[in-house]
K.L.:
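One structure, pasted below without further comment.
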Amino acid sequence: MEALFTAVAVGFEAVGAAAMIVGFAVALVLGARSLARHEGGQAAFTVLRTTLGAAILLGLEVLVAADLIRTITSKPSLEDAAILGLIVLIRTILSISIQIEIEGTLPWRRALLRSGGQMIGDAVARDRTAEQQASAARGSAAPDPRAG
């Protein structure tokens, strides 16, 4: 049974790492698309930073779950509990600091709680809206072939 839970914990760790890697790729794509739309370097940097921060947050949340699974399924000891507490504390501090960097406010001062996944979804939605607006602007700037 312990081998099963170890495999589950390793699976969670892989998902956490994959979330960060995929989030990095998404952040690069969204930043490049922002540059391609001529929104400026500052806007592209903000998109890249926000999206990457959200991916890291999501990955950290999954990695904490992996640590919890690994600890509760092993033979209980005070040393394991202390190590888990330290890991969770470090990851929590990292998560809070990244959240503050992204949103510019303390997490407990927000009216609406947002997870890393929701923030990535927001970034993709903003990119889609910006692309539609840029496409509409290109479409309205082009001469109408029917006029003539």
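Sequential numbering from 1 along the given sequence is applied to the chain's residues. All of these numbers come straight from a predicted model, not from anything done at the bench.
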K.L.:
Is any side-chain heavy atom of Leu28 closer than 4.5 Å to a side-chain heavy atom of Leu48?
P.N.:
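Of all side-chain heavy-atom pairs linking Leu48 with Leu28, at least one is under 4.5 Å.
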K.L.:
Are Met20 and Leu58 packed together at the side-chain level, in the sense that at least one heavy-atom pair is separated by less than 4.5 angstrom?
P.N.:
no
K.L.:
Using the rule that Ile, Leu, Val, Met, Phe, Trp and Tyr join whenever any side-chain heavy atoms are under 4.5 Å apart, tell me whether Val47 and Val22 fall into a single cluster.
P.N.:
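Yes, Val47 connects to Val22 through the hydrophobic network.
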K.L.:
Working to the nearest 0.5 Å, report the span between CG of Leu30 and CG of Leu35.
P.N.:
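Between Leu30 CG and Leu35 CG, I get 11.5 Å after rounding to 0.5 Å.
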K.L.:
In Å, rounded to the nearest 0.5 Å, how long is the span from CD1 of Ile56 to CG of Leu63?
P.N.:
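Answer for the CD1-CG pair, Ile56 versus Leu63, is 11.5 Å.
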K.L.:
Among residues two or more places apart or on two chains, list those pairs meeting salt bridge (charged side-chain N to carboxylate O under 4.0 Å, His left out) that have a residue in residues 16-28.
P.N.:
none
K.L.:
Identify the two heavy atoms, one from Ala66 and one from Ala9, that lie closest to each other, and give their separation to 0.1 Å.
P.N.:
CB-O, 3.6 Å
K.L.:
Working to the nearest 0.5 angstrom, can you tell me the gap between Asp127 CG and Gln132 CD?
P.N.:
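It is 10.0 Å, given to the nearest 0.5 Å.
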K.L.:
Looking at Ile69 and Phe5, what are the two nearest heavy atoms and their distance?
P.N.:
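Result for this residue pair: CG2-O, 3.8 Å.
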K.L.:
Given the rule that I, L, V, M, F, W and Y join up when any side-chain heavy atoms are under 4.5 Å apart, are Ile93 and Leu84 in one cluster?
P.N.:
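Hydrophobic grouping puts Ile93 apart from Leu84.
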K.L.:
Heavy atoms only: give me the nearest Val62-Phe12 pair and the separation to one decimal.
P.N.:
CG1-O, 3.1 Å
K.L.:
In terms of hydrophobic clusters joined by side-chain contacts under 4.5 Å, are Val29 and Leu52 together?
P.N.:
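No, Val29 and Leu52 fall in different hydrophobic clusters.
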K.L.:
So, do Glu13 and Val10 sit near enough that their side-chain heavy atoms are less than 4.5 Å apart?
P.N.:
yes
K.L.:
Who passes side-chain hydrogen bond (donor to acceptor under 3.5 Å, both in side chains) against Asp67, sequence neighbours left out?
P.N.:
Arg91
K.L.:
Indicate the atoms forming the closest heavy-atom contact of Ala55 with Gly23, along with that distance.
P.N.:
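What the structure gives for the nearest pair is CB-CA, 3.3 Å.
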K.L.:
Closer than 3.5 angstrom, by distance alone: can the side chain of Ser135 be matched with the main-chain N or O of Glu131 as a donor-acceptor pair?
P.N.:
no
K.L.:
Rounded to the nearest 0.5 Å, how far does CD1 of Ile87 lie from CG of Leu68?
P.N.:
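CD1 of Ile87 is found 9.5 Å from CG of Leu68.
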K.L.:
What heavy-atom pair brings Gly31 and Ala44 nearest, and what distance separates the two atoms?
P.N.:
O-CB, 3.6 Å
K.L.:
Which distance, rounded to the nearest 0.5 Å, do you find between the CG of Leu60 and the CD1 of Ile90?
P.N.:
11.5 Å
K.L.:
Nearest 0.5 Å please: distance from the CZ atom of Phe45 over to the OG1 atom of Thr50.
P.N.:
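Answer for the CZ-OG1 pair, Phe45 versus Thr50, is 9.0 Å.
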K.L.:
Taking only residues two or more places apart in sequence, or in another chain, which ones meet Glu39 in a salt bridge (Lys or Arg N to Asp or Glu O under 4.0 Å)?
P.N.:
Arg37
K.L.:
Taking everything shown except Leu78 itself, do over 12 heavy atoms lie less than 6.0 Å from its CG?
P.N.:
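Counting neighbours around CG of Leu78, 12 or fewer heavy atoms of other residues, nucleotides or ligands fall under 6.0 Å, so no.
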K.L.:
Does any part of the side chain of Val26, heavy atoms only, come nearer than 4.5 Å to the side chain of Thr51, both counted from C-beta?
P.N.:
yes
